[in-house]
Peer 1: 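Next up is a structure, given as structure tokens.
Throughout, numbering of the chain's residues begins at 1 and tracks the sequence.
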Amino acid sequence: TLPRVASSSSSFQEYITMGKVHGSLARAGKVKGQTPKVEAQETKKQPRGRAKKRMQYNRRYVNVVTGMGGKRVGPNSNADKMK
């Protein structure tokens, strides 16, 4: 059934059709299904506990990489590769 909305400008009622929002479920997962499967690479395990804190300290304060103007560069910066 369609909802009825009374119009303020006239005395008749008009019908509003409710639209489709997200498409049909037949297309669900289309992109994931057609993407080629890539095997996960083996990664080296991250250090835990004291060893992880030691690695963070060395990365942040001992081997400090500086960019232009002597400012410290962020961990995701490619400034050191530009030289």
Peer 1: Give, for atom CZ of R54 and atom CZ of R59, the distance between the pair rounded to the nearest 0.5 Å.
Peer 2: 13.0 Å
Peer 1: Quick one: pull up NZ in K53 and CG in N58 and give me the separation to the nearest 0.5 Å.
Peer 2: 13.5 Å
Peer 1: Residues sharing M68's hydrophobic cluster, by side-chain heavy-atom contacts under 4.5 Å among ILVMFWY, directly or via others?
Peer 2: none
Peer 1: Which pairs pass ring pair (Phe, Tyr, Trp, His ring centres under 6.0 Å) with one or both residues in residues 39-58, sequence neighbours excluded?
Peer 2: Y57-Y61
Peer 1: Run through the side-chain heavy atoms of Ile, Leu, Val, Met, Phe, Trp and Tyr, join any pair under 4.5 Å, and report what else lands in M55's cluster.
Peer 2: none
